[in-house]
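Remarks on the structure that follows.
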Amino acid sequence: MDKIKKHIAETFLELAEGLETGKLGKRPVIALTGLGSEHGEENTMKAAVDAAKKGIDVLYIGTKDAPENSGVTTVKVAGEDELFTTMEELLKSGRAQGAVAMHYPFPIGVSTVGRSVAPATGKDFYIANTTGTSSTVRIEGMILNAIAGIITAKACGNPHPTVGILNLDGARQVEMDLKELAKRGYEINFAESARADGGCILRGNDVLLGTPDVLVCDSLTGNVLTKMLSAASSGGRYETVGYGYGPGIGKGYHQLVLIASRASGAPLITNAIGFAAELVEGGVFEIAAKEYAAAEKAGLQEILDARKAKENKGAGEATEAKVEAPPHEVVTSQIAGIDVMDLEDAVQVLWKAAIYAEDGMGCTGPIIRVSDANLEKAKRLLKEAGYIGE
């Protein structure tokens, strides 16, 4: 009888919480690794208690006892050697649906999508990606990062996130391939830069403004951005703002582990726990399966294979003799949209066609300069060679 009464009481409690929060059903259970913080266990325990106050059941893995009636349960470990095996056991058994850790070794093909706060607007946006690596090939990795960012944003309740690409080496190739993927049927809503020149290749201003919902970059750059956005107000020693480095996302990967830095303060870790709970409630892995299937249906693998073939061909042609420049002309027209890594090769394409061209760097990135008379022909040749998009 006592068990029945307890079950009824728990059911009514869940209903009451569901009516209050708008989310019926069991509360998500999130594990937190309490050891390893540069600010001590007190810091991580405070984060666990604060997260529990927001309606999340937290399993704290560490050596400290949780305060009574805090909503936090301590899973005792002797030290850091037991930390991750215990976390993985909790996830595997289903006792926890997600976890937040100070660090974690993801396999190749899985990397994390961070969530930051734009200092100029206070807007949340996702940085894809921030730790791990989606691919050992740079362009491929950034394309996969874009899909991981879309998955994460959708799991957190944004059905049509906008996507922008940070102006880095390889950004133009990523833009062309993502636009090709979208043209073939995979939904990508491209962001528009806040700068006057517009476009989905974004600048530092756009990072501060949080222009896109998903900012695509390589994970090393994303890691630096996340650190700067989260710890600027503390001089770098204590991450105060944002949600951390986010969940590991990859095709076929089904273990929800989010990363918070050893330098993360309690407020940020609390947010990371909440981020994990949102992903659980949003069905992140169900969304991931649908998104990867939709991208594959639209020809993702074909696009990635074509990019690899193009890069391999370029490497093979690197030993060819350089073409001499045609006779000099006055060059007053500019062609933008070429990645800096392709600039020299793109000029060679035009020289082979007897078009005089010069490379340069405009205020928005690399450019090729040609005469007004040769502009349209040069654009056509560069498009055919795959150096610029539509």
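- Every residue was checked against the side-chain hydrogen bond (donor to acceptor under 3.5 Å, both in side chains) condition with Asn223, not counting sequence neighbours, and none meets it.
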Side chain to side chain contact (heavy atoms under 4.5 Å, CB included) evaluation trace for Val58 with Thr73: CA-CA 6 Å; Val58 182; Thr73 302; over 6 Å; no
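- Sorted by first then second residue, the ring-ring contact (aromatic ring centres under 6.0 Å, His included) pairs that include residues 36-79, not counting sequence neighbours, are His39-Tyr238.
- Checking side-chain atoms of Thr152 against main-chain N and O of Val113 turns up no donor-acceptor pair under 3.5 Å.
- Using a 4.0 Å cut-off between charged side-chain N and carboxylate O, Lys92 and Glu89 make no salt bridge.
- The line from CG of Leu35 to CD1 of Ile61 is 9.0 Å long, rounded to the nearest 0.5 Å.
- For an aromatic pair to be called close, the ring centres must be under 6.0 Å apart, and Phe84 with His103 satisfies this.
- Among residue pairs with one or both ends in residues 176-225, none qualify as ring-ring contact (aromatic ring centres under 6.0 Å, His included); sequence neighbours excluded.
- No donor-acceptor pair closer than 3.5 Å links the side chain of Trp351 to the backbone N or O of Pro326.
- For CD of Gln301, the number of neighbouring non-hydrogen atoms (other residues, nucleotides, ligands) closer than 6.0 Å is greater than 12.
- For the side-chain hydrogen bond (donor to acceptor under 3.5 Å, both in side chains) test, residues two or more places apart in sequence or in another chain that qualify with Glu187 are His160, Asn189.
- Side-chain heavy atoms closer than 4.5 Å link hydrophobic residues (I, L, V, M, F, W, Y) into clusters, and following such links, even through other members, never connects Leu144 to Phe106.
- Heavy-atom minimum distance, Ala47 versus Ala266: CB-O, 3.5 Å.
- At a threshold of 4.5 Å between non-hydrogen side-chain atoms, the residues Leu215 and Phe125 count as touching.
- The minimum heavy-atom distance between Glu281 and Pro28, with the atom names listed, is OE2-CD, 3.5 Å.
- One hydrophobic cluster holds both Val323 and Leu381 under the rule that ILVMFWY side chains link at heavy-atom gaps under 4.5 Å.
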Step by step, work out the side chain to side chain contact (heavy atoms under 4.5 Å, CB included) result for Lys297 and Arg184. CA-CA 9 Å; Lys297 185 178 179 181; Arg184 295 188 185 197; over 6 Å; no
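- Rounding to the nearest 0.5 Å gives a distance of 11.0 Å between OG of Ser371 and OH of Tyr356.
- The existence of a salt bridge linking Asp213 and Lys154 is excluded, since no basic side-chain nitrogen approaches an acidic carboxylate oxygen closer than 4.0 Å.
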Take Thr33 and Val100 through the test side chain to side chain contact (heavy atoms under 4.5 Å, CB included) and record every step on the way to the result. CA-CA 7 Å; Thr33 59; Val100 175; over 6 Å; no
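- In this structure, the side chain of Thr74 engages the main chain of Lys64 through a donor-acceptor pair within 3.5 Å.
- In this structure, the separation between CD1 on Ile127 and OG1 on Thr226 is 3.5 Å, given to the nearest 0.5 Å.
- Remark: Glu376 does not engage Arg380 in a salt bridge, criterion side-chain N to carboxylate O under 4.0 Å.
- Within a 6.0 Å radius of NZ in Lys377, no more than 12 heavy atoms belonging to other residues, nucleotides or ligands are found.
- Between Asp50 and Lys54 there is no salt bridge, since no side-chain nitrogen of the basic residue lies less than 4.0 Å from a carboxylate oxygen of the acidic one.
- Shown here for Gly164 and Pro212, the closest heavy-atom pair between the two residues is N-CB, 3.7 Å.
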Report the C-alpha distance between Glu42 and Lys46 in whole Å, list the side-chain angles of each, state the deciding distance to 0.1 Å, and finish with yes or no for salt bridge (charged side-chain N to carboxylate O under 4.0 Å, His left out). CA-CA 6 Å; Glu42 292 78 9; Lys46 184 180 187 312; over 6 Å; no
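- Atoms CD1 and CG, on Ile188 and Leu181 in that order, are 5.0 Å from each other to the nearest 0.5 Å.
- Here the CG atom belonging to Leu178 is positioned 7.5 Å from the CD1 atom belonging to Ile147, to the nearest 0.5 angstrom.
- Sequence neighbours left out, the pairs with a member in residues 235-256 that pass salt bridge (charged side-chain N to carboxylate O under 4.0 Å, His left out) are Lys227-Glu239, Lys251-Glu296.
- When every heavy atom of Val347 is checked against every heavy atom of Glu358, the shortest pair comes out as CG2-C, 4.4 Å.
- Contacts of Arg95 classified as salt bridge (Lys or Arg N to Asp or Glu O under 4.0 Å), with partners at least two apart in sequence or in another chain: none.
- Residues passing the side-chain hydrogen bond (donor to acceptor under 3.5 Å, both in side chains) test with Thr211, sequence neighbours excluded: Asp206.
- Residues meeting the salt bridge (Lys or Arg N to Asp or Glu O under 4.0 Å) test with Asp218, sequence neighbours left out: Arg138.
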Pair Asp345-Tyr387, side chain to side chain contact (heavy atoms under 4.5 Å, CB included): steps then yes or no: CA-CA 9 Å; Asp345 291 338; Tyr387 291 111; 3.4 Å; yes
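- In this structure, the side chain of Lys123 engages the main chain of Gly210 through a donor-acceptor pair within 3.5 Å.
- Distance alone, capped at 3.5 Å, places no donor-acceptor pair between the Glu175 side chain and the Ile201 backbone.
- No side-chain donor from either of Gln173 and Asp177 sits under 3.5 Å from a side-chain acceptor of the other.
- Both Leu256 and Met102 belong to a single network of hydrophobic side chains, linked directly or stepwise wherever heavy atoms of I, L, V, M, F, W or Y lie under 4.5 Å apart.
- Pairing each heavy atom of Gly149 with each of Val214, the nearest pair is O-CG2, 3.6 Å.
- For the pair Ile368 and Ala346, the tightest heavy-atom approach, listed with the atom from each and the gap, is CD1-CB, 3.5 Å.
- Using a 4.0 Å cut-off between a side-chain N of Lys or Arg and a carboxylate O of Asp or Glu, Arg307 and Glu140 do not qualify as a salt bridge.
- Under the 30°/60° scheme for interplanar angles, the aromatic rings of His254 and Phe285 are found to stand perpendicular.
- Between Asn129 and Ser219, the side chains place no donor N or O within less than 3.5 Å of an acceptor N or O (distance only, hydrogens not considered).
- Partners of Thr130 under the side-chain hydrogen bond (donor to acceptor under 3.5 Å, both in side chains) rule, at least two apart in sequence or in another chain, are Thr112.
- For residues 109-119, the set of pairs meeting the salt bridge (charged side-chain N to carboxylate O under 4.0 Å, His left out) definition, not counting sequence neighbours, comprises Arg115-Asp124, Arg115-Glu278.
- Contacts classified as ring-ring contact (aromatic ring centres under 6.0 Å, His included) and involving residues 204-236 (residues at least two apart or in different chains) are not found.
- For the residue pair Asn374/Glu329, the side-chain donor-acceptor check at 3.5 Å is satisfied.
- Applying the salt bridge (Lys or Arg N to Asp or Glu O under 4.0 Å) test to Arg195 and every residue at least two apart in sequence or in another chain returns nothing.
- Contact check on Lys76 versus Asp65 returns a salt bridge, with a Lys/Arg side-chain nitrogen under 4.0 Å from an Asp/Glu carboxylate oxygen.
- Expressed to the nearest 0.5 Å, how far CD1 of Ile249 lies from OG of Ser111 amounts to 9.0 Å.
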